[in-house]
Structure formats: structure tokens, C-alpha cells
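One structure is given below, encoded as C-alpha cells.
Owing to the predicted nature of the structure, the values given are computational and were not obtained by experimental measurement.
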Number of protein chains: 2
Amino acid sequence: MAITVAIVEDNAGICEELEEIIREDPGCSCVGVCRNVQTALRKIPALAPDVIIMDIQLPDGSGIECTARLKHLLPRTQIMMFTIYEDSEQIFRALEAGASGYLLKRTPPEAMLQAIREIMRGGAPMTGEVARKVIHSFRRTPTQSSDVEQLTPREVEVLELLAKGHLSKEIADRLTVGVETVNSHLKHIYEKLHVRSRTEAVIKYMK
Amino acid sequence: MAITVAIVEDNAGICEELEEIIREDPGCSCVGVCRNVQTALRKIPALAPDVIIMDIQLPDGSGIECTARLKHLLPRTQIMMFTIYEDSEQIFRALEAGASGYLLKRTPPEAMLQAIREIMRGGAPMTGEVARKVIHSFRRTPTQSSDVEQLTPREVEVLELLAKGHLSKEIADRLTVGVETVNSHLKHIYEKLHVRSRTEAVIKYMK
DNA sequence: CGCGAAATACCCATAACTGGGGATGTGACG
DNA sequence: CGTCACATCCCCAGTTATGGGTATTTCGCG
């Protein structure tokens with residue numbers, strides 16, 4: 001059975017090019033084309049396509065907002081961003097909204113079919129630069145760890161419970177020690193993390 | 001000029017296979033092979049290869065720890081994980097440690113050369129399943145918004161300052177209102193978020 | 001053995017927070 | 001005009017947290 005694809009894209013040229021490529025492939029069929037957010041939200045839920053190709057810059061709103069709404073209505077539909085924006089802000093917001101792929105428009109159109117198959121296989125097709133930005137966002141800044149890592153094992157244990165929102169008394173019970181002990185640990189934690197309250201400590205711990 | 005590659009891998013068969021594939025490519029050259037973490041940390045810094053292919057399970061420790069140390073010594077070297085582990089825990093820890101690629105061992109060896117070129121171009125080669133897991137980690141859970149979004153604008157303002165670690169008094173000054181007002185807002189915030197302390201509120205706010 | 005770090009526990013004063021009450025003014029909405 | 005949500009302020013009693021001590025035990029290191 002063919003993969004059903006819907007397109008949300010305002011540029012007529014790109015739109016037709018995409019449509020043609022998809023129609024030419026026997027494994028895919030294009031079931032709908034929308035030129036703006038409003039039409040997309042009205043028509044696509046009924047179509048329930050397997051894949052949506054989504055532009056970001058649309059005449060009546062953002063494709064990211066549109067992605068969030070459609071993903072909510074169609075959780076099993078895979079949404080692939082197809083845009084000129086390659087700044088981290090747009091990328092992360094699109095992924096938060098529920099996109100599973102992110103291709104830049106400079107990507108050769110032929111690669112789109114490849115990407116559609118990839119996204120249906122459970123992959124996440126991305127342009128190389130996008131992938132690198134995503135990966136980089138995981139990088140742990142070596143600053144914070146330096147602070148947290150000079151805590152003793154016991155102090156880390158206390159801090160973990162603190163970061164779950166427990167009171168000192170609850171932490172004491174969990175560790176089967178006195179409240180006074182927890183207070184002592186907290187004092188040391190505050191000193192080492194250079195903070196003045198449990199809230200600040202938790203914020204620092206959670207980065 | 002050829003791309004220099006070092007391999008950290010304990011399995012002799014895989015190791016030789018990788019080495020051969022790399023040697024056969026005119027654009028790459030294999031400059032070192034290590035069978036464990038200790039050797040890798042001793043030999044590779046002097047080799048300063050362009051790319052390191054890193055296993056995770058090594059006889060004398062974790063390739064993730066090894067990745068963190070090598071990346072610190074050689075910031076411009078690209079490190080590609082090559083492993084059987086596909087659980088999110090390992091993936092994210094490897095990326096945090098500084099890896100720029102993550103291939104599973106079931107990946108056909110021929111794809112390795114492709115991946116090496118990709119990683120040098122500034123990309124981030126990943127197996128499809130890995131890419132999807134990475135992307136999914138960005139998904140915003142719709143739970144948070146439900147709770148937080150029923151706060152009034154002013155309450156959100158207070159919560160934001162709370163999440164920066166400020167005391168009630170500091171929040172009051174920043175908003176040019178009395179401490180009592182901030183306390184009132186806090187009471188309402190606690191009710192709406194179903195929490196009992198500022199720390200819990202901040203945790204909930206930061207997800 | 002002596003030293004220091006870590007974990008444990010206690011005391012205490014001050015400060016901050018929590019949760020209950022009530023009170024006022026404003027602005028939106030029907 | 002009345003109602004309601006919101007923001008503002010106040011009081012107060014009880015709890016919790018903060019920061020300054022001190023002290024004991026255990027454990028590893030030289």
C-alpha cells in the first residue's frame with residue numbers, strides 16, 4: 001500500500017515540484033496540498049496522511065504552530081519540516097512541536113523520497129547541519145559538572161532528593177538519618193555550589 | 001589530504017574489518033588501532049586523528065568515559081560511536097560526552113566510509129533508530145502546559161523569577177510590589193500546580 | 001600512629017516560607 | 001448594576017530553612 005503524503009507549502013513552484021516527485025514514485029501518493037495554515041488545519045485531519053511535508057514560513061502563520069496542532073490531532077502521522085530556516089531556534093521549536101524530520105530546501109528534491117521512506121521506517125531524516133546542531137545541544141557544558149562533581153557521594157544523594165522536591169525531613173527519613181544531618185549536608189552543598197537556597201541548588205543541579 | 005582515522009574497539013574481527021575498509025579507501029587512512037581505554041588515552045592524543053571510531057563496551061572501561069576525555073584533549077577530533085547499545089541512556093550519555101555520530105554495529109560496514117565523510121563535513125551520522133530517539137527527546141510533554149497555562153500572567157511572572165532562584169523579597173522588589181503580594185501569588189501558584197513548596201513549583205515549571 | 005575528609009548529630013538565633021484568614025481596587029462581561 | 005477574576009496588601013501562627021557553631025565516629029593515607 002502506498003504511503004500517503006500531504007504538502008503544506010505556499011510557494012507554487014516548490015509545491016508542484018514536490019507533488020510531481022511524489023506522484024512519480026509508485027510507493028507514494030500525494031493526497032493533499034495546502035497553501036496556508038488555515039487550509040491545512042481544516043483539510044488534513046480528514047485526510048489523515050501517513051506523512052506531512054511542512055514549510056515553516058506560511059502566509060497566515062507559522063508551520064511550527066501548525067505542526068503542533070496537527071500532531072495533536074494525528075499522533076501517528078509523521079511530520080517532516082521542509083524549510084529554509086536553519087537556525088537552532090526554529091529547529092528545536094519544530095522538534096518540540098512534534099516534527100520527526102527536518103530537511104533544508106537546498107536538499108535535492110530526489111532526496112525527499114528517500115526521506116519519506118526513512119521517516120516511515122521510524123527514522124528521523126535530517127540535513128547534516130541540522131543533525132549536528134541537534135547533537136550539539138546535548139553537549140554538557142563542562143562548567144556545571146565541575147561544581148556538582150566535587151560533592152561527596154552522600155551529598156549528591158541529598159541533592160537528588162532535593163531535586164525531587166522533598167523537604168529536609170523527608171530526605172532524612174529516606175536516608176534514615178536525622179534532620180540535622182541533612183541540614184549539615186545542605187550547608188556543604190550550598191557552599192560548594194555557591195548558592196544560598198535549596199531552590200537555587202536544584203536549579204543548578206538541573207542545569 | 002586523507003582523513004586520518006583511529007579505531008577503539010576490542011573485538012578483533014570487527015576491528016580488522018573496519019581497518020581494511022578504511023585502508024581501501026583512498027580518501028582515508030587508518031593511523032591507529034586500540035583495543036582498550038587505557039591504550040586509547042595514551043596513544044591517540046599524540047596521533048590527533050581527524051576521526052575516532054569508538055566502541056562503548058571495552059574490557060577496561062566505558063568508551064563513553066574515554067570519549068569525554070579524548071574530546072577534551074582533542075576538541076577538533078570528531079568522535080563516532082560504533083556500538084551495539086541502542087538504549088536512550090547510552091546514546092544521550094555518549095552525545096553529552098562529545099560524540100558527533102552514533103552508528104549501531106548492525107550498520108553495513110560500507111556505510112562507515114559514508115559516515116566518516118559526513119562527520120567531517122560537519123554532519124552527524126546516525127542510525128535511523130538513534131536519530132528518532134534523539135528527536136523524540138525534544139518532544140514537549142503536553143502535561144506541563146495544562147498545569148502551567150492556567151496561571152495568570154502575573155503568576156507566570158512570579159514563577160519565572162522563582163525559577164531563577166530568587167527569594168520572595170527579591171521577586172517583590174523586581175515587580176515593585178510588596179512581599180505579601182508575592183506570597184499571595186505563591187499560594188495560588190501552589191494550588192494550581194498542586195505542589196507544597198517553591199522548590200516543587202520550580203521543578204514542575206522546568207519539567 | 002596521626003591527620004584529614006566524610007558522615008553523622010546537636011544547639012541556637014535569625015530569616016524565610018507556608019497556609020489560614022480578610023480586605024481593597026480595577027476592569028471585563030453580561 | 002452586579003458579579004467575577006485578578007492583583008494588590010495585611011495579619012498571624014506555625015513550620016521550615018539558613019548559617020554560625022561544636023562534636024563524634026569511621027576510614028583511608030602517608
Side-chain angles (χ1 to χ4, degrees), chain A residues 142-207, chain B residues 37-38 41 60-62 65 69 142-207:
Chain A
T143 44
Q144 79 202 44
S145 44
S146 62
D147 266 359
V148 174
E149 279 175 4
Q150 65 183 291
L151 296 178
T152 67
R154 196 56 158 176
E155 285 163 356
V156 172
E157 237 176 316
V158 172
L159 185 50
E160 274 169 1
L161 290 171
L162 208 65
K164 289 185 178 174
H166 294 293
L167 303 178
S168 298
K169 197 189 294 180
E170 293 168 341
I171 298 174
D173 288 350
R174 190 71 70 88
L175 300 180
T176 29
V177 298
V179 184
E180 313 299 341
T181 307
V182 175
N183 284 335
S184 289
H185 287 315
L186 285 179
K187 279 185 247 184
H188 297 145
I189 290 171
Y190 294 164
E191 278 177 17
K192 291 182 183 175
L193 297 188
H194 312 293
V195 297
R196 302 176 333 281
S197 70
R198 57 214 290 109
T199 307
E200 276 191 297
V202 168
I203 293 167
K204 198 143 194 170
Y205 180 65
M206 311 209 317
K207 287 81 171 184
Chain B
V37 172
Q38 202 190 340
L41 291 175
D60 61 339
S62 162
E65 187 52 31
R69 290 174 186 275
T143 43
Q144 84 200 40
S145 40
S146 60
D147 266 358
V148 174
E149 278 175 7
Q150 66 183 289
L151 297 177
T152 67
R154 197 54 158 177
E155 285 163 358
V156 173
E157 237 176 317
V158 172
L159 185 51
E160 273 169 4
L161 290 172
L162 208 65
K164 288 184 179 174
H166 293 292
L167 303 178
S168 297
K169 196 190 297 180
E170 293 168 342
I171 297 174
D173 287 350
R174 189 72 71 90
L175 300 180
T176 29
V177 297
V179 184
E180 312 300 342
T181 307
V182 175
N183 283 336
S184 289
H185 287 315
L186 286 179
K187 279 184 243 182
H188 298 145
I189 291 172
Y190 294 164
E191 278 177 19
K192 292 182 184 175
L193 298 188
H194 313 291
V195 298
R196 302 177 332 284
S197 71
R198 56 216 289 100
T199 307
E200 277 190 296
V202 168
I203 293 166
K204 198 141 194 171
Y205 180 65
M206 310 208 317
K207 294 80 169 187

Check: Starting at CD of Q150(B) and ending at C1' of dC6(D), how long is that distance when rounded to a whole Å?
Finding: 15 Å
Next item on the list: Choose from dG21(C), dT8(C), dC9(D) the nucleotide whose nearest atom is closest to any side-chain atom of K187(B).
Entry: dG21(C)
Item checked: Donor-acceptor contact present, side-chain R198(A) to main-chain R198(B), <3.5 Å -> no
Next item on the list: Rounded off to whole Å, could you give me the NZ-to-C1' distance for the K192(A) and dA7(C) pair?
Entry: 11 Å
Next item on the list: Would you classify H185(A) as touching base, sugar-phosphate or nothing, given that sugar-phosphate means primed atoms plus P, OP1 and OP2, and contacts are heavy atoms under 4.0 Å?
Entry: base
Checklist line | Lys/Arg-Asp/Glu bridge criterion (N-O < 4.0 Å) met for E160(A), K164(A) | finding: no
Next item on the list: May I ask you to test the V182(B)-E170(B) pair for a side-chain heavy-atom distance under 4.5 Å?
Entry: no
Notebook entry, point to check: Does S168(A) put a side-chain nitrogen or oxygen below 4.0 Å from OP1 or OP2 of dA17(D)?
Noted result: yes
Next item on the list: Report the residue (R196(A) or E155(B)) whose heavy-atom-nearest nucleotide on DNA chain D is the more 5′ of the two.
Entry: E155(B)
Next item on the list: Measure distances between side-chain N and O atoms of T152(A) and base N and O atoms of dA6(C), and say whether any donor-acceptor pair falls under 3.5 Å.
Entry: no
Next item on the list: Let me know the distance between CG of N183(B) and P of dC12(D), rounded to the nearest Å.
Entry: 15 Å
Checklist line | Closest nucleotide among dA7(D), dA7(C), dA9(C) to the R154(B) side chain | finding: dA7(D)
Margin query: Side chain of E180(A), heavy atoms from C-beta onward: which of dT18(D), dC10(C), dT8(D) has the nearest atom to it?
Written below: dC10(C)
Notebook entry, point to check: Between H194(B) (side chain) and Y190(B) (backbone), is there a donor-acceptor pair under 3.5 Å?
Noted result: no
Note to self: Distance check needed: dT18(C) P versus E200(B) CD, whole Å only.
What the structure shows: 10 Å
Check: Should I171(B) and L186(B) count as side-chain neighbours, where that means a heavy-atom distance under 4.5 Å?
Finding: no
Item checked: Whole-Å gap separating C1' (dT15(D)) and CD (E170(A)) -> 13 Å
Check: Does the base of dC9(D) carry an N or O that pairs as donor and acceptor with the side chain of S184(B) under 3.5 Å?
Finding: yes
Item checked: 5' priority, DNA chain D, between L167(A) and E191(A) [closest heavy atom] -> L167(A)
Notebook entry, point to check: Should R198(B) be listed as having a side-chain N or O under 4.0 Å from OP1 or OP2 of dC17(C)?
Noted result: yes
Notebook entry, point to check: Does Y190(B) place a side-chain N or O at less than 4.0 Å from the phosphate oxygens OP1/OP2 of dT18(C)?
Noted result: yes
Notebook entry, point to check: Tell me: CD1 of I189(B) to P of dC6(D), nearest whole Å?
Noted result: 13 Å
